[in-house]
Amino acid sequence: MEDHICGEIKPLIPDFHDGEIKDKELYIKISEHLKVCKDCRIELQELEELSKIVKKYFDVDEFEKDYKYHKDTEHLINRLDEVQYCNNVRDKISAYIDDELLEQDRLIVEKHLRKCIVCYKDYENLKLTSKIVQKYFKNLNFPESDVSDRVIERLDRHKSKKIAISLAVAAVLGIALFHFMFINAFKFENFDNKSLKNKNTEQSPEKKSKTEKFLPGLSF
Amino acid sequence: MEKKQKDFYYSMSLPDLVRLCQQDDKFALETLIKRNEKIVYNTLYHLDPNRPDLSDLTQEVLFRMARSIKKVRNPDTFKYWLNQIITNLFYDELRRKTRKLPTVSIDEPISDQDSTSAATREIPDIGQVPEETILGSELDEKIKEAIQKLPEQFKIVIVLRELQGLSYDEIAKITKTSIGTVKSRLARARGKLQDHIRPYLQ
């Protein structure tokens, strides 16, 4: 029951601390709860402490008087910077392990890892995970033993097939070439015959008889 | 192949072996096939361990590799080239078959009034799983389980990086994404694996 009320009250503690709870009934409810709940009281006290530190940081006189507070605040702000950096760096740790970062990013990650123990631990764990996974892959067995033999057999068959196809193509080309030459030769012969015949008709009887003399087969 | 000859080819670096293959050295090609069969099988296995045709796919990848080895312009990038063959084939097959398991008939063909052909009642045959690799330790089992649970896009970057040892640039080209995407996917995938095996990291 108390936990249930805590869940409802805790988010309101910062507003309560700043005097921003305007609803009277709610204000009383929170006050009553703080009397009985140690956890919520501690949270309010921590908030008050933090508020004091921040106020002193902005108050120049107080800041000069109390150097210790200044140091504490500086540390707090540095830590906040680091936390912001953590998220930025954590995304890059994996690529840092693989040496796949740009020089600028690599330097940022290295600098942060020297300072932040949480991220350094993350880096070590991720590096170890990567090594374990690599080792797992390396140690895997291969259940098939005749795959290579089957590939080599298939390659031989492929080669023979290729040779057979090449021979067949060569044969077809040869036949085609022969056919082409034969037809052309025949056409050429016919063409020659026709042109000779035409010439013969125009030739004088003397020349014609000469042609018949030398090429008897060409006269029709 | 004699033992001495075999040792000679096996001790050779991968790019040198590829160069010999390109000069039609038959023994070099045999060695290249044998040296890559395990890694090709395991890559395909981790991309989808439930495929019943993993050894056929492995055979197809190795065959395509051997057939077009002369197309490798820079033998130093052979691994990247091989993984392009693997992923292209894998995703082509995935698109073609949409991961349908083989089926066995549990009944006699039943007649269909509208059709003269007989229809069969079929259910997926989950008994036909590929041979499982026997893993020694409990941690290995945990890793295997964690990899299998990873979403597809995380799984492929883990396999290409941790098993194949490819660079971010090569992974980006193979997965057709940017280097930034590869970085973040790999970081998130490793984070998930780390969460899964956290008790063992202490």
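Here is the naming used below: chain letters follow the sequence lines, and residue numbers restart at 1 for every chain.
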Visitor: Salt bridge check: are R198(B) and D195(B) linked by an N-O gap of less than 4.0 Å?
Guide: yes

Visitor: Between K138(A) and chain B, with a heavy-atom cut-off of 4.5 Å, which part of the residue counts as in contact: side chain, backbone, both or neither?
Guide: backbone

Visitor: So what's closer than 4.5 Å to chain A heavy atoms on R188(B): side chain, backbone, both or neither?
Guide: neither

Visitor: Strictly by modelled atom types, are E138(B) and Y200(B) linked by a side-chain donor-acceptor pair under 3.5 Å?
Guide: yes

Visitor: Considering residues at least two apart in sequence or located in another chain, which fulfil the ring pair (Phe, Tyr, Trp, His ring centres under 6.0 Å) criterion with Y168(B)?
Guide: none

Visitor: Pairs under 3.5 angstrom only: tabulate donor-acceptor contacts from the side chains of residues 160-169 of chain A to other protein residues two or more places apart or in another chain.
Guide:
residue, atom, partner, partner atom, Å
S160(A), OG, D156(A), O, 2.9
S166(A), OG, K162(A), O, 2.7

Visitor: Go through the steps for Y136(A) and I147(B) under the test side-chain contact (heavy atoms from CB on, under 4.5 Å), then give the verdict.
Guide: CA-CA 11 Å; Y136(A) 157 78; I147(B) 293 171; 3.7 Å; yes

Visitor: Of all the residues in residues 65-72 of chain B, which have a heavy atom that comes within less than 4.5 Å of a heavy atom in chain A?
Guide: A66(B), R67(B)

Visitor: Heavy atoms only, distances under 4.5 angstrom: which of L126(A), L128(A), L101(A), D122(A) has the most pairs with chain B? Name it, please.
Guide: L126(A)

Visitor: Are the side chain of K127(A) and the backbone of I93(A) linked by a donor-acceptor contact shorter than 3.5 Å?
Guide: no

Visitor: Have Q5(B) and Y9(B) got a donor and an acceptor in their side chains that come within less than 3.5 Å?
Guide: no

Visitor: Who passes ring pair (Phe, Tyr, Trp, His ring centres under 6.0 Å) against Y27(A), sequence neighbours left out?
Guide: F16(A)

Visitor: Measure D99(A) against the heavy atoms of chain B and call it side chain, backbone, both or neither at under 4.5 Å.
Guide: neither

